[in-house]
Every structure is written in structure tokens, then in C-alpha cells.
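Residue numbers start at 1 and run along the sequence shown.
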Amino acid sequence: MISGIFILFLLILSLLLVHFGVIAFSIFWRFILPILLILFAIKILISGILLLLNPYFWILIGLIVLVVWAMNKFNKR
């Protein structure tokens, strides 16, 4: 799986190559940038699915809900 740092590295490298004239600007916008955006979207999707499977995430959500509930209960008095 491609990490976010590697995707960022590819994006910066692509921009540098465009800046120095090694590849044409239109090729960057037509091919490289869409591929990087698709890889980034896939990474975000997989990360979200894995976060839902993490029990510590649900413990954190439960703690936040408990604190908000307690604050509402004691502020109404």
C-alpha cells in the first residue's frame, strides 16, 4: 500500500519536473495528477474503513459522548 508520504513525494517530484521542463505541463495535468488524486482517495477510503474497525476509536467516541452527556445533564440543573 502506498503511504501518504510517498504520494506527497511523487506530487512534489512531478511539480519539480514540470517546473524544470523535463515533462510537459499538460501531461502532468492529464496523467500524473489524476493518478495521484485517485491513489489519495483510495488511501482515505481504506483508512476510514480501518478506523471503523479499531476498538480504540469506538472507546474515544464513547468517552466523548459520555462527557457531552454529563455536561448537558449538569448544566441543566
Side-chain angles (χ1 to χ4, degrees):
M1 192 157 131
I2 298 176
S3 68
I5 295 173
F6 184 67
I7 292 174
L8 183 63
F9 170 74
L10 285 179
L11 181 64
I12 292 171
L13 180 67
S14 300
L15 287 172
L16 286 175
L17 288 174
V18 167
H19 179 70
F20 292 120
V22 177
I23 58 175
F25 192 68
S26 63
I27 292 175
F28 171 77
W29 285 105
R30 187 171 294 172
F31 298 108
I32 297 173
L33 189 63
I35 290 171
L36 290 175
L37 291 175
I38 289 170
L39 288 175
F40 184 69
I42 291 171
K43 181 181 187 292
I44 294 295
L45 184 68
I46 291 173
S47 298
I49 292 171
L50 290 177
L51 185 63
L52 291 176
L53 298 175
N54 190 349
Y56 294 109
F57 172 73
W58 292 109
I59 291 171
L60 176 67
I61 296 296
L63 285 174
I64 292 171
V65 166
L66 184 65
V67 168
V68 169
W69 174 79
M71 288 174 60
N72 283 336
K73 182 173 173 117
F74 292 120
N75 281 341
K76 288 182 180 178
R77 287 183 178 194

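Take Phe31 and apply the side chain to side chain contact (heavy atoms under 4.5 Å, CB included) test, not counting sequence neighbours, and it matches Ile27. Taking the side chain to side chain contact (heavy atoms under 4.5 Å, CB included) definition, one finds that Leu66 meets it with Trp69, sequence neighbours left out. Legend: residues meeting side chain to side chain contact (heavy atoms under 4.5 Å, CB included) with Leu8, ordered by chain and number and at least two apart, are Ile12. Under the side chain to side chain contact (heavy atoms under 4.5 Å, CB included) criterion, Ile44 pairs with Phe40, sequence neighbours left out.
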Evaluation steps, side chain to side chain contact (heavy atoms under 4.5 Å, CB included), between Ile32 and Leu11: CA-CA 8 Å; Ile32 297 173; Leu11 181 64; over 6 Å; no
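A chain of hydrophobic side-chain contacts below 4.5 Å, direct or via other Ile, Leu, Val, Met, Phe, Trp or Tyr residues, connects Ile61 to Leu51. A continuous path of Ile, Leu, Val, Met, Phe, Trp and Tyr side chains, each step under 4.5 Å between heavy atoms, connects Ile35 with Leu10, placing both in one hydrophobic cluster.
The side-chain heavy atoms of Ile42 and Ile38, taken from C-beta on, include a pair separated by under 4.5 Å.
The local environment of CZ in Phe57 is crowded, with over 12 non-hydrogen atoms from other residues, nucleotides or ligands closer than 6.0 Å.
Atoms CG and CD1, from Asn54 and Ile59 in turn, are 8.5 Å apart once rounded to the nearest 0.5 Å. We find the CZ-CG distance between Phe9 and Leu36 to be 11.5 Å, quoted to the nearest 0.5 Å.
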